[in-house]
Amino acid sequence: MTMEPHVRQRYSQGAQEVVPALCCPVEYDANLLALLPREIIERDYGCGDPSRYVQSGDTVLDLGSGTGKICYLAAQLVGPTGRVIGIDMNDDMLALARKYQPEMARKLGGDRVSFHKGRIQDLALDLEALGVWLAAHPVTDLTSLDAFEQKQHEMRRDSPMIPDASVDLVVSNCVLNLVDDAQKTSLIQEIYRVLKPGGRAAISDIVADAPVPQSLKQIPELWSGCISGAFEEYEFVKTFRDAGFTGMAFDKWDGKPWQIVGGIEFRSVTLTAVKQPVARQQTEGGHAVLYRGPFASIEDDLGNRFPVGERMAVSREVYERLGTPPFEKHFVRFAPLRAQLPTPYLVPPGTRRPAAATRGNPARVEEIEVASACGPTGKGGRCC
């Protein structure tokens, strides 16, 4: 039994009137909210604030954009060089979000936001464009059904709603759990497909601390209420890892469950992840990194182990990767003293890199000069 019709009906109701059971209490930036119409704020439903991860200039994709609240918050953060795309399946929610587009464009000083009708597990198919074609080519027999299916294939291939590698940040606010279990893997794969290399995902959702039994999955009210379709917490991470993501982290984790149903705790989390694949053929360049702590050691998604305080040899590709968010705050990076022509990386895992191999390179010298700019001694004979 598919839950999509029930979900659509309940969120249509939520577009017409406030339905408190559809969301958790969430605090948003009051300064950003001040620009939004009250109707959008009151009839939007979520369990987190993924807009916190938006950066200036980003192209942001909001899955299940609803009334457009997260989109209009993000539009203030991306600035004039960024843009925001909302995807939703519900006509009533789309109508409410679009109702305020002209007003928000005036307030923002430009129209940075667009909304499209589509399924978030199939981001290549624009359902509004497909509906226009279908109105002119109704399905009346098997031949016309074949033409309809062929048209969908052509649209995904030739004019995808969201093209490959076109988005900097994918966000979602309590929507992934509404997708049928059989399509959740395709959903995460679609997020990976549309992100640029180095692109980020910030997904606020409800997770369960144990697998949800079939008896609960058959209750429509629990499904549309973000309960029955929730990922089990480890499954959530694993599905992203299996799709190719790295750097998964529960950046937000509510200690208090939102609801307890059948003895299972359901809570709000925000999972962050990065589309940052490392080249299969890694190269040696003499690079090293030092893990800052606080743990005795950590291991990355590629099997590299980093004991705290040790300069570990890494490939050129891993070195570059660890210099980008969210990894860079955990490592000190050391470029080689002398540039090397790249050769295949054959260093055994766990190999330390001698300090002499990286000591004195220009980046490190510059940091030393800045640190000692106040002179050889500071107050009390110590460096200031």
Side-chain angles (χ1 to χ4, degrees), residues 23-33 35-36 41 44-88 108 112-114 120 123 162 165-177 187-188 190-207 231 233 236-237 239-241 243-254 267-277 301 321-330:
C23 65
C24 309
V26 180
E27 290 188 9
Y28 297 89
D29 187 318
N31 293 322
L32 298 178
L33 284 177
L35 209 63
L36 274 60
I41 297 172
D44 187 87
Y45 307 99
C47 60
D49 180 15
S51 69
R52 297 188 299 115
Y53 303 89
V54 175
Q55 299 175 8
S56 178
D58 275 347
T59 294
V60 179
L61 175 65
D62 182 13
L63 304 182
S65 50
T67 67
K69 181 171 73 177
I70 295 296
C71 289
Y72 290 128
L73 295 178
Q76 299 174 63
L77 297 169
V78 299
T81 62
R83 67 188 184 107
V84 183
I85 307 162
I87 304 294
D88 207 283
L108 293 167
R112 306 171 195 166
V113 184
S114 61
I120 62 175
L123 294 170
I162 309 296
S166 60
V167 175
D168 297 295
L169 173 67
V170 172
V171 299
S172 184
N173 196 4
C174 210
V175 175
L176 270 59
N177 60 72
L187 164 60
I188 308 305
E190 277 290 85
I191 295 174
Y192 190 88
R193 177 185 68 81
V194 302
L195 279 171
K196 301 174 184 178
R200 300 110 56 211
I203 309 298
S204 297
D205 220 282
I206 300 296
V207 297
F231 279 94
E233 54 199 29
F236 198 24
V237 175
T239 306
F240 273 80
R241 179 180 293 117
F245 282 95
T246 62
M248 283 75 65
F250 283 119
D251 193 54
K252 175 207 172 192
W253 177 279
D254 279 4
R267 60 173 35 84
S268 171
V269 303
T270 298
L271 180 73
T272 57
V274 181
K275 179 181 178 177
Q276 201 162 34
D301 305 90
R321 175 179 184 243
L322 296 181
T324 61
F327 312 104
E328 83 287 344
K329 61 185 177 182
H330 302 291

Dump the intermediate steps for side-chain contact (heavy atoms from CB on, under 4.5 Å) on L61 and L123, then the final yes or no. CA-CA 10 Å; L61 175 65; L123 294 170; 4.0 Å; yes
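- Residues C47 and N173 come closest through the heavy atom pair N-OD1, 2.9 Å.
- Separation of atoms CG (L176) and CD1 (I188) is listed at 5.0 Å; rounding is to 0.5 Å.
- Remark: of the listed residues F250, F231, Y192, F245, F245 is the sole one forming a ring pair (Phe, Tyr, Trp, His ring centres under 6.0 Å) with F240.
- Note: L195 CG to K275 NZ = 6.0 Å, rounded to the nearest 0.5 Å.
- From T272, atom OG1 reaches atom OH of Y53 across 6.0 Å, with rounding to the nearest 0.5 Å.
- Contact record, P326 with V274: CD-CG2, 3.5 Å, taken as the closest heavy-atom pair.
- Here L33 contributes atom CG and E27 contributes atom CD; the two are 10.5 Å apart, rounded to the nearest 0.5 Å.
- The environment of CZ in R83 is sparse: at most 12 heavy-atom neighbours from other residues, nucleotides or ligands sit within 6.0 Å.
- Considering NZ of K252 and CG of D205, their distance stands at 10.5 Å, rounded to 0.5 Å.
- At least one side-chain heavy atom of Y72 sits under 4.5 Å from a side-chain heavy atom of V113.
- Proximity of C174 to I206: side-chain heavy atoms (C-beta onward) are separated by under 4.5 Å at one or more points.
- Put simply, the side chain of L322 does not reach to within 4.5 Å of the side chain of H330, judged on heavy atoms.
- No side-chain donor-acceptor contact under 3.5 Å links S268 to the backbone of D254.
- Here the CG-OG1 distance, from D49 to T270, works out to 8.0 Å after rounding to the nearest 0.5 Å.
- By the 4.5 Å heavy-atom criterion applied to side chains, D88 and V175 are not counted as neighbours.
- Summarising the geometry of L63 relative to S172, their closest heavy-atom pair is O-OG, 3.1 Å, with the distance given to 0.1 Å.
- No side-chain heavy atom of L77 sits less than 4.5 Å from a side-chain heavy atom of D58.
- One side chain, R321 or T246, offers a donor N or O that lies under 3.5 Å from an acceptor on the other.
- Looking at R193, its side chain does come within 3.5 Å of a backbone N or O of I162 through a donor-acceptor pair.
- Under a 4.0 Å N-O distance rule, the pair D168/K196 qualifies as a salt bridge.
- Taking every heavy atom of both residues into account, D301 and G247 meet most closely at OD1-N, 3.3 Å.
- Minimum interatomic distance between A75 and L108 (heavy atoms only, all atoms of both residues): CB-CD1, 3.6 Å.
- Counting only heavy atoms from C-beta outward, the side chains of L35 and Q76 approach each other to under 4.5 Å.
- Shown here for V194 and V170, the closest heavy-atom pair between the two residues is CG2-CG2, 4.1 Å.
- Of the possible donor and acceptor atoms, one in the side chain of D29 sits under 3.5 Å from a partner among the backbone N and O of N31.
- Contact annotation: the side chain of I87 approaches that of I85 to within less than 4.5 Å [non-hydrogen atoms, C-beta and beyond].
- Using a 4.5 Å heavy-atom cutoff, the side chains of I120 and E190 are not in contact.
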